[in-house]
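The chains referred to below are lettered A, B, ... by the order of the sequence lines, with proteins before strands, and numbering in each begins at 1. The figures that follow rest on heavy atoms only: side chains count, while hydrogens, waters and symmetry mates do not. Quantities reported herein were computed from a predicted structural model and do not represent experimental measurements.
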2 protein chains.
Amino acid sequence: MQRAPRPVVDGSSAGELDSDFSTAVTRLYRRLRAEKADDQIGDSHRAVLAHLVKDGPRTLRELSDHEHVTPPSMNQTVNALAEWGFVERRGDPDDGRKVILVATPIGAALIAETRRRRYAWLNAQLEALSVSERRLLSAATGIINRIADS
Amino acid sequence: MQRAPRPVVDGSSAGELDSDFSTAVTRLYRRLRAEKADDQIGDSHRAVLAHLVKDGPRTLRELSDHEHVTPPSMNQTVNALAEWGFVERRGDPDDGRKVILVATPIGAALIAETRRRRYAWLNAQLEALSVSERRLLSAATGIINRIADS
DNA sequence: TATTGTTATACTCTATAACTATA
DNA sequence: TATAGTTATAGAGTATAACAATA
């Protein structure tokens with residue numbers, strides 16, 4: 001069997017990147033989740049609430065698209081957030097089918113407080129990087145978001 | 001209440017990065033999982049099998065440390081892989097307590113085949129990037145792995 | 001008919017607690 | 001006593017299928 005050609009190893013060819021990059025993202029995701037384990041609110045719930053706080057009210061469909069989960073799945077997440085008093089369901093005056101999800105003041109406060117506490121571990125890792133490495137990660141963050149949204 | 005100071009916005013300060021970076025990683029993880037959904041083998045199982053194929057035999061503890069999950073959790077993953085014939089359990093001749101997990105030829109073939117098929121979506125996204133953006137992501141991959149391992 | 005949201009249900013992954021075997 | 005692995009069980013998050021209400 002012929003070996004796959006791998007002339008370039010600096011990451012400038014896409015074939016080199018895919019599995020390495022994918023694996024790295026997956027492993028960091030698990031690590032982040034492990035670090036943030038015993039928090040008030042789970043990771044999925046927090047992501048949705050933070051999105052609502054940051055970017056304003058959204059419909060269920062918009063939320064499920066944004067987080068790349070199915071509408072029923074998002075509905076359960078929203079149910080929990082509503083039960084806890086962190087979001088409110090409001091009808092859309094223009095379209096009776098739609099439901100607008102809005103973060104409550106309590107929800108916004110939770111996100112603010114969580115941000116202060118929650119990223120302690122990651123923040124420490126980032127502090128340990130050089131300035132140029134942080135700039136690099138910052139630039140990578142933009143690219144990663146673009147890929148996630150495409 | 002006083003606003004948190006945010007003089008630098010180019011990502012060179014760690015405080016800017018934490019939540020943005022964390023959110024980006026989480027969202028890309030979900031997107032990757034959504035893309036890879038109907039595959040022969042789940043994401044967690046694949047990661048373990050790929051690790052064994054790439055880096056050779058490992059003990060259960062080594063695997064659970066590497067993937068940042070608990071040993072019982074990893075044990076279930078390994079049980080499934082063993083049932084499917086993708087890994088084999090072997091005793092350690094030097095330490096009767098240890099079990100060495102080894103990828104079988106079938107397991108290695110699955111990873112090879114999966115690599116060809118599985119990253120189609122991500123690969124297409126990466127192809128669409130410029131060479132310098134790919135270099136940037138490649139460099140970021142190293143940093144991400146370092147953070148995940150620390 | 002198509003779209004939005006919802007309910008019911010099941011599956012995957014991971015965790016904690018408790019146990020066995022070996023060092 | 002400590003460590004490696006395992007079993008039993010539970011919880012979180014997500015998916016699919018089926019349904020209701022509105023456009």
Side-chain angles (χ1 to χ4, degrees), chain A residues 26-49 51 57-84 86-102, chain B residues 26-27 29-49 51-52 57-84 86-102:
Chain A
T26 299
R27 291 186 57 231
L28 181 55
Y29 168 79
R30 292 216 185 94
R31 178 64 195 254
L32 283 169
R33 198 190 42 193
E35 283 298 327
K36 300 191 289 191
D38 31 338
D39 217 329
Q40 285 187 312
I41 179 178
D43 193 55
S44 304
H45 296 87
R46 190 207 150 271
V48 172
L49 184 53
H51 179 45
R58 291 287 186 276
T59 65
L60 186 76
R61 171 66 63 169
E62 286 169 339
L63 289 179
S64 66
D65 284 349
H66 187 259
E67 300 297 324
H68 302 295
V69 297
T70 58
S73 179
M74 181 53 68
N75 196 45
Q76 292 185 72
T77 303
V78 166
N79 280 343
L81 287 172
E83 242 176 64
W84 301 333
F86 298 141
V87 306
E88 241 184 61
R89 279 189 167 88
R90 292 188 193 160
D92 184 327
D94 300 333
D95 187 337
R97 296 171 304 180
K98 292 189 179 174
V99 172
I100 313 289
L101 289 318
V102 188
Chain B
T26 299
R27 292 187 57 232
Y29 168 79
R30 293 216 183 93
R31 179 65 196 252
L32 283 169
R33 198 191 42 192
E35 284 296 328
K36 300 191 290 191
D38 33 341
D39 217 330
Q40 284 186 314
I41 179 178
D43 194 54
S44 304
H45 296 89
R46 192 208 149 270
V48 173
L49 184 52
H51 178 46
L52 289 177
R58 289 288 186 276
T59 65
L60 185 77
R61 170 67 63 168
E62 286 169 339
L63 290 178
S64 66
D65 284 350
H66 188 259
E67 301 297 324
H68 301 295
V69 296
T70 57
S73 180
M74 181 54 66
N75 195 47
Q76 292 185 73
T77 303
V78 166
N79 279 344
L81 287 171
E83 242 177 62
W84 300 334
F86 298 141
V87 306
E88 240 183 63
R89 279 191 167 87
R90 292 187 193 160
D92 184 327
D94 300 333
D95 187 337
R97 297 170 304 179
K98 291 189 179 175
V99 173
I100 312 289
L101 288 320
V102 188

Starting at atom [atom1] of [X], determine the distance to atom [atom2] of [N], rounded to an integer number of angstrom.
{"X": "A/I100", "N": "C/dT4", "atom1": "CD1", "atom2": "C1'", "answer": "11 Å"}
{"X": "A/N79", "N": "C/dG5", "atom1": "CG", "atom2": "C1'", "answer": "11 Å"}
{"X": "A/R90", "N": "C/dG5", "atom1": "CZ", "atom2": "P", "answer": "16 Å"}
{"X": "A/M74", "N": "D/dT14", "atom1": "CE", "atom2": "P", "answer": "7 Å"}
{"X": "B/Y29", "N": "D/dG13", "atom1": "OH", "atom2": "P", "answer": "12 Å"}
{"X": "A/D43", "N": "C/dA15", "atom1": "CG", "atom2": "P", "answer": "13 Å"}
{"X": "B/L81", "N": "C/dC13", "atom1": "CG", "atom2": "C1'", "answer": "13 Å"}
{"X": "A/R89", "N": "C/dT4", "atom1": "CZ", "atom2": "C1'", "answer": "12 Å"}

- prompt: Hey, is the main chain of A/S64 close enough, under 3.5 Å, to the side chain of A/E67 for a donor-acceptor pair?
  reply: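 Looks like no, no N/O pair under 3.5 Å.
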
query: Any donor-acceptor pair under 3.5 Å linking the side chain of A/Q76 with the backbone of A/S73?
result: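 No.
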
Kindly indicate whether the side chain of [X], heavy atoms from C-beta on, has any atom under 4.5 Å from the side chain of [Y].
{"X": "A/V102", "Y": "A/I100", "result": "yes"}
{"X": "B/L101", "Y": "B/E88", "result": "no"}
{"X": "B/H66", "Y": "B/L63", "result": "no"}
{"X": "A/D92", "Y": "A/V99", "result": "no"}
{"X": "A/V78", "Y": "A/F86", "result": "no"}
{"X": "B/H45", "Y": "B/L49", "result": "no"}

message: It should be established whether A/R30 places a side-chain nitrogen or oxygen under 4.0 Å from OP1 or OP2 of nucleotide C/dC13.
response: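 No, no such contact exists.
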
task: Considering just the side-chain nitrogens and oxygens of A/T77, establish if one lies under 4.0 Å of OP1 or OP2 belonging to D/dG13.
output: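 So the side-chain polar atoms of A/T77 never come under 4.0 Å of the phosphate oxygens OP1 or OP2 of D/dG13.
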
- request: Kindly state which residues belonging to residues 60-68 of chain B come within less than 4.0 angstrom of DNA chain C, counting heavy atoms of the residue only, listed by number.
  value: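 When residues 60-68 of chain B is checked for heavy atoms under 4.0 Å from DNA chain C, there are no hits whatsoever.
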
query: Can you give one letter per nucleotide of nucleotides 17-23 of chain D, 5' to 3': B if a protein heavy atom sits under 4.0 Å from the base, S if only from the sugar-phosphate, - if neither?
result: B----BS

query: Only one of B/T59, B/L60, B/D65 clears side chain to side chain contact (heavy atoms under 4.5 Å, CB included) with B/E62; which?
result: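 Testing each of B/T59, B/L60, B/D65 against B/E62, the sole residue satisfying side chain to side chain contact (heavy atoms under 4.5 Å, CB included) is B/T59.
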
[X] side chain: which of [options] is closest?
{"X": "A/Q76", "options": "D/dT9, C/dC13, D/dA15", "result": "D/dA15"}
{"X": "A/K98", "options": "D/dG5, C/dT14, C/dT4", "result": "C/dT4"}
{"X": "B/N75", "options": "D/dT6, D/dA4, C/dT14", "result": "D/dT6"}

task: Please test B/I41 against B/W84 for side chain to side chain contact (heavy atoms under 4.5 Å, CB included), starting from the C-alpha separation and ending with a verdict.
output: CA-CA 10 Å; B/I41 179 178; B/W84 300 334; 4.2 Å; yes

message: Over all strands shown, is B/T70 touching base, sugar-phosphate only, or nothing at heavy-atom distances under 4.0 angstrom?
response: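 Base contact.
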
query: Nearest nucleotide by nearest heavy atom, which residue falls closer to the 5' end of DNA chain D, B/P71 or A/H45?
result: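 Nearest nucleotide further toward 5': that of B/P71.
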
task: Map B/V99 and A/S44 onto DNA chain D by nearest heavy atom, then report which one ends up closer to the 5' terminus.
output: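 Between the two, 5'-proximity favours B/V99.
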
